[in-house]
Amino acid sequence: MLKKLIKLNANDLLLYLVAEGGAFLLVQIIIGCVMRFGGPETSVTLGCILFPIIGVICAVIAGISHVGVSFDQALRFGQTRRRALGLTLGLISFEAAFALALGALLAAVERFLGPPLWAWLAGMNGYASGRIFFAPEGAMVDGELVSGKTLLIETFTLDWYWWPLAFAVAVAGGLIVGAVIQRFGAKGGWFIWGVCMAPIFLEQLIPWERFGVSWLIPALVILFVGGLLWSVWSLLHAVVKA
């Protein structure tokens with residue numbers, strides 16, 4: 001049943017390709033123009049951070065849609081709430097994995113194919129990538145002195161634990177927001193908007209510097225886990241809409 005549901009929503013994968021691939025092309029065009037017309041001596045590779053973030057955003061949006069459409073359709077066609085939730089969660093997980101895998105692929109393409117192209121566009125003889133340090137004797141990349149007309153490229157990478165965390169955020173985020181909207185409709189959308197905007201307003205009203213930020217991550221984790229548990233409960237007790 002899950003395979004049929006994935007095939008039924010196969011067109012969603014094209015949307016990921018368009019969104020993430022389009023962002024990749026846009027970023028490369030901007031960097032290429034800067035290299036060609038600006039002639040900088042340094043650059044950065046941000047694809048390993050940027051494209052997974054775009055993938056997570058796309059997966060969350062798709063997850064919201066699947067909760068509102070696929071979950072409700074499964075209930076209308078006689079599936080139990082538990083089975084409908086399982087199928088929807090499986091679909092969301094598959095698409096989130098695809099989005100992150102595509103983001104990782106695009107980041108790898110940028111990291112291995114971008115630097116030589118950027119160096120050529122900037123009129124450099126070559127490039128050196130890694131951690132850049134500027135010492136009295138000159139620029140150093142990963143502890144080695146770089147000389148000559150060389151493009152210096154600062155590289156950024158994500159530690160392995162960020163990938164399963166991004167996957168969890170993509171799946172749970174879509175499920176939570178989708179469950180809120182599924183239960184409360186348009187009012188749920190306004191509630192989510194309020195939750196997202198609250199930190200911006202509270203930042204101006206509450207003197208956070210007095211309390212520190214050590215509590216912030218645990219509070220966010222508790223809020224996120226609580227929202228996930230509530231969303232599962234809500235969907236398991238969802239009203240079948242006519």
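Source: prediction; values computed, not measured.
Taking 4.5 Å as the limit, some side-chain heavy atom of Leu228 sits within range of a side-chain heavy atom of Ser231. Side-chain contact between Leu17 and Leu102: present, with at least one pair of heavy atoms (C-beta onward) separated by less than 4.5 Å. Counting heavy atoms from C-beta on, the side chains of Tyr127 and Trp118 never come closer than 4.5 Å. Using a 4.5 Å heavy-atom threshold, the side chains of Glu41 and Met124 count as touching.
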Checking Leu235 against Leu175 for the side chain to side chain contact (heavy atoms under 4.5 Å, CB included) test, could you report, in this order, the C-alpha distance in whole Å, the side-chain angles of both residues, the deciding distance, and whether it holds? CA-CA 9 Å; Leu235 293 175; Leu175 196 67; 3.8 Å; yes
Please evaluate residues Ile92 and Val67 with respect to the criterion side chain to side chain contact (heavy atoms under 4.5 Å, CB included), reporting the C-alpha separation (whole Å), side-chain torsions for both, the decisive distance (0.1 Å), and the verdict. CA-CA 9 Å; Ile92 295 174; Val67 172; 4.0 Å; yes
Set out, in order, the CA-CA distance, both residues' side-chain angles and the distance that settles side chain to side chain contact (heavy atoms under 4.5 Å, CB included) for Ile61 and Cys58, then state yes or no. CA-CA 5 Å; Ile61 294 174; Cys58 292; 5.9 Å; no
What do the steps show when you test Lys4 against Leu8 for side chain to side chain contact (heavy atoms under 4.5 Å, CB included), and what is the final call? CA-CA 6 Å; Lys4 293 181 180 179; Leu8 186 64; over 6 Å; no
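At most 12 non-hydrogen atoms from other residues, nucleotides or ligands lie less than 6.0 angstrom from CH2 of Trp120. The neighbour count for Trp162 CH2, taken as heavy atoms of other residues, nucleotides or ligands under 6.0 Å away, does not exceed 12.
Scanning all heavy atoms of the two residues, the minimum distance from Ala238 to Leu75 falls at CB-CD1, 4.4 Å. When all heavy atoms of Ala179 and Ser234 are compared, the pair lying nearest together is O-OG, 4.2 Å. Between Gly47 and Glu110, the shortest heavy-atom distance links the atoms N-OE1, 2.8 Å. Here the closest non-hydrogen pair linking Pro52 and Leu100 is O-CD2, 3.8 Å. Across all their heavy atoms, Phe224 and Gly173 have their closest contact at CZ-N, 4.0 Å. What you find for Val171 and Ala96 is that their closest heavy atoms are CG2-CB, 3.9 Å.
Here CG of Leu117 is found 8.0 Å from CD of Gln28. Values are rounded to the nearest 0.5 Å. Taken from CD1 in Ile49 to CD1 in Ile54, the straight-line distance is 12.0 Å, to the nearest 0.5 Å. Put simply, CZ on Phe94 and CD1 on Ile6 are 5.0 Å apart, with the number rounded to the nearest 0.5 Å. Note that the CZ atom of Phe71 and the CG atom of Leu91 stand 13.5 Å from one another [nearest 0.5 Å]. Interatomic distance, CG of Leu85 versus OG of Ser70, reported as 12.0 Å (0.5 Å rounding). With rounding to the nearest 0.5 angstrom, the OG atom of Ser93 is 4.0 Å from the CZ atom of Phe167.
The hydrophobic clustering, which links ILVMFWY residues whose side-chain heavy atoms are closer than 4.5 Å, places Ile176 and Val69 apart. With hydrophobic clusters built from ILVMFWY side chains whose heavy atoms lie under 4.5 angstrom apart, Val109 does not share a cluster with Phe112. A single hydrophobic cluster is seen to contain both Leu25 and Leu121, as judged by linkage of ILVMFWY side chains at heavy-atom distances under 4.5 Å, directly or through other members. The hydrophobic cluster containing Leu26 does not contain Leu15, counting ILVMFWY residues as joined when their side-chain heavy atoms lie under 4.5 angstrom apart, directly or transitively. Both Leu236 and Ile181 sit in one connected hydrophobic cluster of ILVMFWY residues. Membership requires side-chain heavy atoms under 4.5 Å apart, directly or through other members.
Each salt bridge (Lys or Arg N to Asp or Glu O under 4.0 Å) pair with one or both residues in residues 152-174, not counting sequence neighbours, appears once here: Arg131-Glu154.
In the model, Arg111 has no side-chain atom that pairs as donor or acceptor with a side-chain atom of Thr45 under 3.5 Å.
Partners of Asp12 according to the side-chain hydrogen bond (donor to acceptor under 3.5 Å, both in side chains) rule, which considers only residues two or more places apart in sequence or in another chain, are His66.
Ring pair Phe24/Phe51 is tilted by interplanar angle, where 30° to 60° counts as tilted. Using cut-offs of 30° and 60° for the angle between ring planes, the Trp230 and Trp233 rings count as tilted.
A distance-only check finds a donor-acceptor pair linking the side chain of Glu20 to the backbone of Gly103 [under 3.5 Å]. Put simply, the side chain of Lys7 never gets that close to the backbone of Leu2: no donor and acceptor are under 3.5 Å apart. With hydrogens and angles disregarded, no donor-acceptor distance shorter than 3.5 Å links the side chain of Arg36 to the backbone of Ile31.
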